[in-house]
Asks: 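Pasting a structure below so you can have a look.
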Amino acid sequence: GENVEQHPSTLSVQEGDSAVIKCTYSDSASNYFPWYKQELGKRPQLIIDIRSNVGEKKDQRIAVTLNKTAKHFSLHITETQPEDSAVYFCAASVRGGGSNYKLTFGKGTLLTVNP
Amino acid sequence: DTEVTQTPKHLVMGMTNKKSLKCEQHMGHRAMYWYKQKAKKPPELMFVYSYEKLSINESVPSRFSPECPNSSLLNLHLHALQPEDSALYLCASSPFPSGRPSYEQYFGPGTRLTVT
């Protein structure tokens, strides 16, 4: 079935450093790639997404890059702050049966930003 | 109103109980979802409703029964659950029906379910 691999599973950085999380996907038909941030005890929150017609998207300190040929996409956080500490999930849209689509999630990355 | 709301926040039930989880959105979204999330794991899709019709069932056991009474409401009826069903149950909604391949999903705060 469709698969999304996410690395690393844990990432610890110093405040002010950059953090990069990488995902690969297997379904070449996937064309939508969101990233979610989930703080402890809270809901997953959509922080940025990218569609297959662009290679990069940026929103302040957060950017996402997509390489459709290699089937991988990455989340980049610059100037990290302690409040960036959370679990980050990547996802890819895949066929869900019939003409429907669903999101398949990576296993998550626990990011810790040390003050 | 730009939120997905869920009730209750916490639920403890015995294996012989019947209970229901509720989800509501007033954003005019066309698709609604139920996910199950275990600790330190990603959300796991259970059901998708698109235009109030069930479009995806991820082979979920029949002790979980979804219902979509109208375009704003989504219920999950629970009966004869097992302790391993204890998890965070998340509802989500999307502006577009599930037949569209590129769509954002917005999650509710979840119901923390404990089955004793």
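Keep in mind that this is a model prediction, so the values were computed, not measured. Chain letters run A, B, ... following the sequence lines, proteins first and then strands; every chain starts at 1.
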Asks: Non-hydrogen atoms of chain B under 4.5 Å away: do they reach the side chain of P44(A), the backbone, both or neither?
Replies: both
Asks: For E58(B) and K102(A), what are the C-alpha separation, side-chain angles and deciding distance, and is it a side chain to side chain contact (heavy atoms under 4.5 Å, CB included)?
Replies: CA-CA 11 Å; E58(B) 293 284 87; K102(A) 62 181 182 180; 2.6 Å; yes
Asks: Side chain, backbone, both or neither: which part of Y35(B) has an atom under 4.5 Å from a heavy atom of chain A?
Replies: side chain
Asks: Could you check R43(A) against Q6(B) for side chain to side chain contact (heavy atoms under 4.5 Å, CB included), going step by step and ending with a plain yes or no?
Replies: CA-CA 11 Å; R43(A) 75 186 80 191; Q6(B) 289 185 243; over 6 Å; no
Asks: Could you look at Q38(A) and say if it's the side chain, the backbone, both or neither that has a heavy atom under 4.5 Å from chain B?
Replies: side chain
Asks: Where does Y36(A) contact chain B at under 4.5 Å (heavy atoms): side chain, backbone, both or neither?
Replies: side chain
Asks: With hydrophobic residues grouped by side-chain heavy-atom distances under 4.5 Å, do L21(B) and F107(B) end up in a single group?
Replies: no
Asks: Look up atom CG in L103(A) and atom OH in Y103(B), then write down how far apart they are to the nearest 0.5 Å.
Replies: 4.5 Å
Asks: Are I48(A) and V20(A) joined in one hydrophobic group, where the rule is that I, L, V, M, F, W and Y side chains link up if heavy atoms are under 4.5 Å apart?
Replies: no
Asks: Distance check, rounded to the nearest 0.5 Å: Q105(B) atom CD versus Y32(A) atom OH?
Replies: 8.0 Å
Asks: Does Q81(A) have more than 12 heavy atoms from other residues, nucleotides or ligands lying within 6.0 Å of its CD?
Replies: yes
Asks: Would a hydrophobic clustering, with Ile, Leu, Val, Met, Phe, Trp and Tyr connected at side-chain separations under 4.5 Å, put L90(B) with L113(B)?
Replies: no
Asks: Under a 4.5 Å side-chain heavy-atom rule over Ile, Leu, Val, Met, Phe, Trp and Tyr, are V48(B) and Y51(B) clustered together?
Replies: no
Asks: If you count heavy-atom pairs within less than 4.5 Å of chain A, which of P43(B), S50(B), G110(B) leads?
Replies: P43(B)
Asks: Compare every heavy atom of P42(B) with every heavy atom of F89(A), then report the nearest pair and how far apart it is.
Replies: CE2-CA, 3.3 Å
Asks: Should V87(A) and Y89(B) be regarded as members of a common hydrophobic cluster, given that ILVMFWY residues are connected when their side-chain heavy atoms come within less than 4.5 Å of each other, either directly or indirectly?
Replies: no
Asks: For Q60(A), I'd like to know if atom CD has over 12 heavy atoms of other residues, nucleotides or ligands within 6.0 Å.
Replies: no
